[in-house]
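Below is one structure; the comments refer to it alone.
Proteins get letters first, then strands, A, B, ... in listed order; numbering begins at 1 in each.
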Amino acid sequence: MSKTTGRKTYTRANKPLVWFPFAGGGLVAALMLPVMIFVTGIAVPLGLIDAEALSYDRVYAFAANPLGKIILFGVLVLPLWHAAHRFRMTIQDLGARTSGSRSVVAALCYGFGMVFTLLCLAALLSFW
Amino acid sequence: MSRKPYEPTLPNTWWLEKPFYIRYMLREMTSFFVGAYVAILIVGLWQLSQGPDAWGSFLGVLSHPLSVIFHVLAFVFATFHTVTWFALTPRTTPIMRGDHFVPPGPIIGAQYVIWAAASIVVLAAVLW
Amino acid sequence: MSDTTTFTLEVLRYNPESDDVPHAESFSVPYQEDWVVLDALNWVKDNVDGSLTFRWSCHMAVCGSCGMMVNNEPVLSCKAFLRDYLKDGKGTITVGALKNFPVEKDLVIVMDSFMEKLEAVKPWIIRTTEKPVEEGTFIQLPKQLKRFKHHTSCINCLLCYAACPQVGLNPGFIGPAALALAHRYNLDSRDQGKDLRKDVTASEYGVWECTFVSACSEVCPKDVEPAGAIQEQKIESSIDWALDHLIPGRKAR
């Protein structure tokens with residue numbers, strides 16, 4: 001599975017592990033986030049949509065439903081990993097060049113993804 | 001005669017050199033808003049699991065003017081992500097029909113139709 | 001050449017025998033409406049300074065030798081008309097060696113790293129089983145050719161490497177032209193070498209370094225569209241990786 005040419009040895013990388021969530025999350029974010037941000041961050045706080053829309057009972061009922069849990073997990077965690085990977089590459093673009101600094105950036109970005117994935121799971125699994 | 005090539009290094013400000021690169025960097029920076037927004041929602045989900053009072057205080061934070069300003073910005077960047085993501089799809093997944101490639105227009109248009117439908121479904125579910 | 005207007009050609013020069021860094025040198029050059037930047041450089045070399053060093057050959061956008069930065073954009077200097085950069089034949093045009101490459105002298109870059117990368121992706125048709133001559137030629141349908149034809153037009157001019165920030169930030173990155181050529185052969189219905197190439201194209205120096213800046217496709221004088229070719233390979237290599245990890249024994253083939 002590895003190829004040596006001239007001076008360099010090439011081996012297939014495990015990058016798809018982060019690239020798949022990046023691509024899938026990018027699609028989910030593109031389709032879902034604008035309307036979600038509009039509802040939760042703008043319309044309800046400003047009263048454009050009745051506050052009842054995000055009342056505890058309604059949201060709890062949705063999140064307690066197994067199908068609701070799957071939807072929430074997909075809509076939150078995929079864009080989370082999309083963002084974690086893209087932000088990591090952006091910091092590299094902005095100047096993280098040494099392998100040491102890149103490792104730190106990767107650990108922080110994917111660590112962020114891991115922490116919030118676990119928090120999301122903990123929240124979703126804590127009530128039914 | 002021995003060689004002595006000049007070895008240039010790309011400055012970290014490379015992306016400020018051309019509007020084309022600045023636009024790319026804006027696209028990549030959408031990841032900050034995507035990541036921050038889903039992280040906020042995951043915290044909200046955790047608050048939801050902690051009961052009505054915790055959920056209420058989360059909604060209170062969302063109503064803070066700074067939060068609304070953040071979400072307006074996040075909405076703009078998320079929409080920019082959507083537009084740029086859709087625009088690149090015909091190049092990441094070119095489709096052939098018979099002897100020819102499907103032109104970009106219909107592929108991009110189809111994504112906008114799906115985007116509109118998804119947004120309407122979310123809004124309908126919220127307003128129901 | 002009486003009563004011709006002149007313009008300023010500012011060339012970023014580097015002499016390895018005397019310089020540590022490149023420096024700008026300005027030449028006053030007569031303006032001709034049908035001249036390209038390469039003509040202006042040749043005028044300087046013939047009339048002012050014979051030591052001015054640059055590569056060129058065909059003067060018709062086929063050989064890929066005369067790529068350089070003109071007003072900080074990577075272009076073929078044989079395709080860069082003076083009239084597109086000047087107003088009424090007056091003004092300044094800056095010329096420098098292609099970005100992201102070591103500079104040998106003046107406008108000549110060292111392209112050894114590219115040659116290694118190009119060779120690494122095996123840009124030729126690979127057969128695991130040779131077909132005897134008596135069995136005739138390989139048949140390729142128009143739609144099979146159409147699928148990759150735009151990727152075949154590469155002239156190795158390296159404008160895409162000069163435009164790509166990831167090439168500048170990651171010196172090991174295989175880069176746009178070589179990855180596009182790998183894709184071109186992977187897609188060829190006569191080829192059987194895809195798996196061999198993937199060891200290189202799906203390595204950490206391969207397609208994953210690309211962040212779809214897409215500047216490569218913007219500057220390509222032949223519409224090769226390397227950026228799209230790389231994204232397609234990311235998708236295919238990802239699926240390949242997933243199948244390798246899901247199906248026992250698949251990886252060992």
So, the part of C:Ser237 with a heavy atom under 4.5 Å from chain A: the answer is backbone

Just checking, any donor-acceptor pair under 3.5 angstrom between side chains of C:Tyr185 and C:Arg197?
no

Please lay out, stage by stage, how C:His245 and C:Trp241 fare under the test ring pair (Phe, Tyr, Trp, His ring centres under 6.0 Å).
CA-CA 6 Å; C:His245 284 79; C:Trp241 176 88; 4.4 Å; yes

Suppose we call two aromatic rings close when their centres sit under 6.0 Å apart. Are A:Tyr60 and A:Phe127 close by that rule?
yes

For chain C, which of A:Arg102, A:Arg86, A:Gln92 has the most heavy-atom pairs under 4.5 Å?
A:Arg102

Flag yes if more than 12 heavy atoms outside C:Tyr205 fall under 6.0 Å of its OH atom; otherwise flag no.
no

Under a 4.5 Å heavy-atom cut-off, does chain A meet the side chain of C:Ile239, its backbone, both or neither?
both

Just so I understand: if I count every heavy-atom pair under 4.5 Å between each of C:Lys234, C:Glu209, C:Gln166 and chain A, which residue has the most?
C:Lys234

